[in-house]
> 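Attaching a single structure in structure tokens format; questions to follow.
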Amino acid sequence: MRLLIALALLPGCAAIGLACTEMACSGTLDIVVEGVIPEGATVEVVLGEVTETCVVDDGTWPACSIAGDGATIAVRTGMGQPSPAEVTVVITPVDGDPTEYTLVPEWGAPHFPNGEECDGPDGGCVSGGAELVL
């Protein structure tokens with residue numbers, strides 16, 4: 001009996017058939033903007049095959065928000081979402097053509113809220129940062 005209890009407390013409990021929890025997590029890609037995003041412009045961030053349209057931070061938790069008078073673009077990344085080597089930011093002014101910026105973010109180590117043995121190598125959340133010079 002003591003052996004079974006000891007095994008249940010080890011971090012690899014999912015490997016022996018015990019249930020994993022299903023706690024989710026969310027990472028963030030924070031893009032610090034040097035310059036001014038034109039008022040009313042559409043801002044999109046492309047992370048691999050995922051494109052997020054950003055909105056001015058209104059206190060909700062949108063997938064992509066712009067805060068501090070355009071000083072920071074925050075893009076939420078969910079569990080298992082890729083952390084690509086390059087990210088594209090597309091800024092389209094109200095009366096103008098879109099401009100694309102390619103950024104190389106620095107990503108941190110992944111966080112596995114249920115343990116890596118439960119979430120798997122692609123199931124964690126990763127946060128990172130980049131700088132956008134306009």
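All figures in this text were calculated on a predicted structure; none of them were measured in a lab. Numbers here are sequence positions counted from 1.
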> Considering only heavy atoms from C-beta outward, does the side chain of I31 approach that of L103 to under 4.5 Å?
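The answer is yes, as the side chains (C-beta and beyond) meet within the 4.5 Å cut-off.
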> Looking at side-chain heavy atoms only, is the closest gap between M79 and P113 below 4.5 Å?
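Yes, at least one pair of side-chain atoms sits under 4.5 Å.
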> Using side-chain contact (heavy atoms from CB on, under 4.5 Å), reason through C54 and V45 one step at a time and then give a plain yes or no.
CA-CA 7 Å; C54 305; V45 179; 3.8 Å; yes
> Within the 4.5 Å heavy-atom criterion, are M23 and D119 side-chain neighbours or not?
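A side-chain contact is absent here, since even the closest heavy-atom pair is not under 4.5 Å.
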> So Y101 and V133, do their side chains get closer than 4.5 Å, heavy atoms only?
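They are not in contact (no side-chain heavy atoms under 4.5 Å apart), so the answer is no.
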> Report yes if the side chains of T92 and D97 come closer than 4.5 Å at any heavy-atom pair, otherwise no.
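T92 does not reach D97 side chain to side chain.
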> Do V46 and V50 make a side-chain contact, defined as non-hydrogen atoms from C-beta onward lying under 4.5 Å apart?
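Result no, sub-4.5 Å side-chain heavy-atom pair not found.
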> Identify which one of L29, V32, V43 satisfies the side chain to side chain contact (heavy atoms under 4.5 Å, CB included) criterion when paired with I73.
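Looking at L29, V32, V43, the match for I73 under the side chain to side chain contact (heavy atoms under 4.5 Å, CB included) is V43.
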> On a heavy-atom basis, which atom in W107 and which in P84 lie closest, and how many Å separate them?
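In terms of heavy atoms, the two residues are closest at NE1-O, 2.9 Å.
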> Locate the shortest heavy-atom distance separating E39 from V94; write the atom from each residue and the value.
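Closest pair (atom of E39, atom of V94, distance): O-CG2, 3.9 Å.
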> CD of E44 to CD of E100: how many Å apart, nearest 0.5 Å?
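If we round to the nearest 0.5 Å, E44:CD and E100:CD are 9.5 Å apart.
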> Kindly give the heavy-atom pair with the smallest separation between G27 and C125, and that separation in Å.
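Looking at all heavy atoms of both residues, the shortest contact is N-CB, 3.9 Å.
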> Given 3.5 Å as the limit, does a donor-acceptor pair link the side chain of S127 with the main chain of T28, or not?
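The answer is yes, because a donor-acceptor pair under 3.5 Å joins these two groups.
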> Can you find a heavy atom in the side chain of T53 that is under 4.5 Å from one in the side chain of T42?
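Yes, their side chains come closer than 4.5 Å.
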> Which residue in the set S83, C25, P105 passes side chain to side chain contact (heavy atoms under 4.5 Å, CB included) when paired with V126?
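Answer to the side chain to side chain contact (heavy atoms under 4.5 Å, CB included) test with V126 among S83, C25, P105: S83.
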> Between V75 and E52, what is the shortest heavy-atom contact and its length?
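Closest heavy-atom pair between V75 and E52: CG1-CG, 4.1 Å.
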> Flag the pair V55 / C64 as yes when at least one side-chain heavy-atom distance between them is below 4.5 Å, and no otherwise.
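No - every pair of side-chain heavy atoms lies 4.5 Å or more apart.
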> Suppose we screen for side-chain contact (heavy atoms from CB on, under 4.5 Å). Which residues come up paired with P38, at least two apart in sequence or across chains?
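For P38, the residues satisfying side-chain contact (heavy atoms from CB on, under 4.5 Å) (neighbours in sequence not counted) are A41, I91.
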> Minimum heavy-atom separation for G35 and L134, please, with both atom names.
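That closest heavy-atom pairing would be C-CD1, 4.1 Å.
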